[in-house]
Amino acid sequence: MSATLIDGKAIAARVRAEVASEVEAFTAHTGRAPGLATVLVGDDPASAVYVGGKQRACLEVGMVPFDRRLPADSSFEDVAAELESLGADSAVSGILLQLPVPAHLDGPALTALISPDKDVDGLTPVNAGLLALGRPGLRPCTPSGVLELLAETGVELEGAEAVVVGRSNLFGKPMAQLLLAENATVTVCHSRTRDLREVCARADVLIAAVGRPRLIERDFIKPGAVVIDVGMNRLTPEQAGNKSGLVGDVDFAAAVEVASAITPVPGGVGPMTIAFLLRNTLQAARYQSELETMFAEVQKEMR
Ligand code: NAP
């Protein structure tokens with residue numbers, strides 16, 4: 001068997017085009033384009049590349065980017081003040097603190113300071129709590145992107161055995177919650193899972209987000225399973241066997257023989273993250289605009 005390739009690049013391009021046309025309508029209706037602020041602390045080159053990509057993507061869909069850069073030796077209070085000022089700025093619909101922050105700063109504590117209605121990464125305690133409770137809120141971008149890939153591939157999640165390898169707050173936990181909300185039977189694995197191979201081999205849908213090149217081997221995969229590879233591991237192009245030097249957590253060459261559908265790396269999950277960051281920014285802008293309208297109406301009635 002040779003698995004169908006799930007083309008994340010094409011699906012992300014479709015999502016971005018949809019967002020662009022919705023942004024056009026939103027801007028025409030409200031007179032203001034959604035704004036996305038990125039906050040980068042320090043000069044890590046990889047983080048600077050990610051932030052640059054987000055800024056460009058923002059412009060492409062008609063949003064206004066706000067690029068805030070703080071020196072590597074910024075104090076907690078400096079970053080907190082920046083997040084607070086962006087929270088108070090009505091031109092800013094979404095705020096993203098680029099992680100990781102320098103080691104002397106507490107990333108989760110800073111993330112928690114982002115105004116929940118502008119938390120387009122969906123990582124604040126408020127949005128994580130809303131997701132856990134099954135209530136509407138801003139959802140983390142990469143797990144939302146994975147759900148879209150599964151939907152686009154026509155995967156039936158109701159009653160399916162879904163196994164997520166990795167339990168990070170950024171990906172594994174929210175992914176498990178989203179799958180549960182789709183009525184999948186969900187198992188979450190991590191570094192202490194006793195027999196990873198055996199647990200993975202039960203999965204109808206296997207999602208790997210570990211950060212270990214080719215950890216998931218052929219016999220981890222049930223024949224006909226759908227495999228989503230979130231891992232992004234940088235090797236030399238020679239080691240990786242591709243131009244980009246990127247490989248996932250799944251041994252792609254072996255998995256493609258057993259799975260029914262699979263995401264490649266690169267070109268699978270990666271492009272979905274920015275697409276859903278844009279989607280979340282539009283959602284946040286809509287919510288804030290509704291609040292402003294409600295507030296204006298209440299003020300009018302009280303006059
Ligand atoms: P993370 O915070 O480092 O979490 C890794 C998880 O993998 C942890 O839960 C860890 O278990 C588990 N793990 C480590 N070794 C394991 C093993 N041998 N067997 C089973 N589980 C193991 O990483 P993350 O932020 O979730 O990211 C994971 C990967 O996804 C990385 O390669 C990252 O680059 C990629 N990623 C890609 C995107 C994208 O846009 N495509 C977005 C997010 C992440 P413990 O909890 O027990 O330590």
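The first residue in the sequence is number 1, and the count goes up from there. First listed ligand is number 1; within each ligand, the first listed atom is number 1.
- Here the protein heavy atom with the shortest distance to atom 32 (O) of ligand 1 is Met232 N, 3.0 Å.
- Under a 4.0 Å N-O distance rule, the pair Glu292/Arg32 qualifies as a salt bridge.
- When hydrogens are left out, the protein atom nearest atom 27 (O) of ligand 1 is Ala209 O, 4.5 Å; that is the closest non-hydrogen contact.
- A salt bridge links Lys222 to Asp204: at least one charged side-chain nitrogen sits closer than 4.0 Å to a carboxylate oxygen.
- Of the protein's non-hydrogen atoms, Arg212 NH1, 3.8 Å is the one closest to atom 18 (N) of ligand 1.
- Closest heavy-atom approach to atom 8 (C) of ligand 1 among the candidates Arg167, Arg234, Lys173: Arg167.
- No more than 12 heavy atoms of other residues, nucleotides or ligands sit less than 6.0 Å from atom CG of Asp43.
- Closest to atom 20 (C) of ligand 1, if we only count protein heavy atoms, is His190 O, 3.2 Å.
- Atom numbering of ligand 1 starts at 1 in the shown order; those under 4.0 Å from a heavy atom of Val230 are 30 (O), 35 (C), 36 (N), 37 (C), 41 (N).
- Between Ser191 and ligand 1, a contact under 3.5 Å exists for at least one N or O pair.
- In this structure, of Asn169, Val165, Val210, the residue bringing a heavy atom nearest to atom 14 (C) of ligand 1 is Val210.
- Here Met272 has no heavy atoms under 4.0 Å from ligand 1, in either its backbone or its side chain.
- A side-chain donor-acceptor contact under 3.5 Å links Lys54 and Gln98.
- At least one heavy atom of Gly270 sits less than 4.0 Å from an atom of ligand 1.
- Remark: ligand 1 atoms within the under-4.0 Å shell around heavy atoms of Gly166 are 6 (C), 7 (O), 9 (O).
- Distances below 4.0 Å separate heavy atoms of Leu196 from the following atoms of ligand 1: 19 (N), 20 (C).
- Expressed to the nearest 0.5 Å, how far CG of Leu130 lies from OG1 of Thr124 amounts to 8.0 Å.
- Considering Gly211, Ser168, Ala208 only, the shortest heavy-atom separation from atom 31 (C) of ligand 1 involves Gly211.
- Residue contact annotation: Thr142 has a non-hydrogen atom under 4.0 Å from ligand 1.
- In this structure a side-chain-to-backbone donor-acceptor pair under 3.5 Å is missing from Asn127 to Gly122.
- Not a single heavy atom of Gly172 sits under 4.0 Å from any atom of ligand 1.
- Salt bridge status for Arg218 with Glu257: absent, with no side-chain N to carboxylate O gap under 4.0 Å.
- Listed by atom number, the atoms of ligand 1 under 4.0 Å from Thr273 heavy atoms are 39 (C), 40 (O).
- In summary, Glu198 and Arg202 engage in a salt bridge, as defined by a charged side-chain N under 4.0 Å from a carboxylate O.
- For Ser93 and Thr281, the side-chain atoms include no donor-acceptor pair closer than 3.5 Å.
- For the pair Phe252 and Val247, the minimum side-chain heavy-atom distance is 4.5 Å or more.
- For Glu148 and Arg14, the salt-bridge test passes: some basic side-chain N is under 4.0 Å from an acidic carboxylate O.
- Residue Leu170 has at least one heavy-atom neighbour below 4.0 Å for each of these atoms of ligand 1: 25 (O), 43 (C).
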